[in-house]
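First the structure, in the form of structure tokens, and then the observations on it.
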Amino acid sequence: MKSEMDKKKIEQHPFPPLFDKDSKVLILGSFPSVKSREMMFFYGHPQNRFWKVIASIFDEKIPGSIEEKKRLILGNHLALWDVIAECEIVGSSDASIKNAKANDLSEILDNAPIQKIIVNGKTAERLYIKYIEPVTRIKAVVLPSTSPANAAWSLERLIDVWGSEIKN
């Protein structure tokens, strides 16, 4: 018998993209984790290294509140969104994503001078190539996932590779 945690259920992306008229680099995750869905904001799991990486790249303090996170992203001309709008998922497991429906990036691409799209990890890359690249015809740069599950990459290595892509 499957436990409640093992059951796939259809989840909707619960919060809007973060961007403004000055956003130049769009960073796409796959789909928000359970923690992010609860917090109603990107990269909500305390072990995810995303906020440490971005703060370090721009030599800023690691943001704590959602407002500080928004300022860090928008103040450095970044945008955040996810590839998937709706999917079946078990907990926070990207590997379990099935029956995905993609987010429409046109709101961002039509209203911000996006020069580069970065995908956070291999799952985001696979989903982007399958669902979004055929529509936008924009190649994305794949960077190593900031997820704690990506233990092969140290924080220092993530900062180096992410920094070289975001700042170029």
For N168 and K116 the tightest heavy-atom approach is O-NZ, 3.0 Å
Can you confirm whether I108 sits close enough to S23 that some side-chain heavy atom of one is under 4.5 Å from a side-chain heavy atom of the other? no
Candidate pair L28 and L26, rule side-chain contact (heavy atoms from CB on, under 4.5 Å), full reasoning: CA-CA 6 Å; L28 296 171; L26 171 58; 4.0 Å; yes
Enclosure of K24 NZ (heavy-atom neighbours >12, cutoff 6.0 Å): yes
Q: Answer yes if V135 and V119 sit in the same cluster of Ile, Leu, Val, Met, Phe, Trp and Tyr residues linked by side chain heavy atoms under 4.5 Å apart, and no otherwise.
A: no
Q) With a 4.5 Å limit on heavy-atom distance, are the side chains of N120 and Y43 in contact? A) yes
All heavy atoms of I114 vs all of A79, minimum pair found to be CD1-CB, 4.4 Å
task: Treating Ile, Leu, Val, Met, Phe, Trp and Tyr as nodes and any side-chain heavy-atom pair under 4.5 angstrom as an edge, say whether L143 and I129 lie in one connected cluster.
output: no
When rounded to the nearest 0.5 Å, the distance separating CD1 of I84 from CG of L127 is 4.5 Å
pair S30-V83: side-chain heavy atoms closer than 4.5 Å: no
Closest non-hydrogen contact found for G121 with V142 is O-CG2, 3.6 Å
Interatomic distance, CD@E11 vs CD1@I89, rounded to 0.5 Å, equals 7.5 Å
Taking side chain as C-beta onward, heavy atoms only, is K69 less than 4.5 Å from L72? no
Paired with Y128, the side-chain contact (heavy atoms from CB on, under 4.5 Å) test is passed by just one of T123, L105, I118, namely L105
- Taking C-beta and beyond as the side chain, do I73 and W51 meet within less than 4.5 Å on heavy atoms? yes
Taking every heavy atom of H45 against every heavy atom of Q47, the minimum-distance pair comes out as ND1-N, 2.9 Å
Taken to the nearest 0.5 Å, the spacing of K130 NZ from E125 CD works out to 14.0 Å
Donor-acceptor under 3.5 Å (R71 side chain, P63 main chain): no
Subject >> Pair H13-D82, side-chain donor/acceptor within less than 3.5 Å >> reply: yes
Rounding to 0.5 Å, atoms CD1 (I54) and CG (N76) come to a distance of 8.5 Å
Closest non-hydrogen atoms of F19 and A112, given as atom of the first, atom of the second and distance, are CD1-CB, 4.1 Å
Between S92 and the options S33, S147, S36, the side-chain contact (heavy atoms from CB on, under 4.5 Å) test singles out S33
Smallest heavy-atom separation, P17 atom then E107 atom, equals CG-OE1, 4.1 Å
**Report entry** pair F42-I27: side-chain heavy atoms closer than 4.5 Å
**Finding:** no
| request: In sequence, state the C-alpha distance, the side-chain angles, and the governing distance for F50 and L158, and then conclude on side-chain contact (heavy atoms from CB on, under 4.5 Å). | output: CA-CA 9 Å; F50 181 82; L158 287 171; over 6 Å; no
message = Quick check on the hydrophobic clustering: are L74 and I66 connected, directly or via other members, by side-chain heavy-atom contacts under 4.5 Å?
response = yes
Just wondering, do M39 and F15 contact through their side chains at under 4.5 Å, heavy atoms? no
* **4.5 Å side-chain heavy-atom contact, N48 and K35** => no
*Hphob cluster co-occupancy, I97 + V34, side-chain heavy atoms under 4.5 angstrom*: no
d(I138 CD1, I132 CD1) to nearest 0.5 Å is 10.0 Å
One should read off an interatomic distance between N111 CG and D20 CG, to the nearest 0.5 angstrom, of 11.0 Å
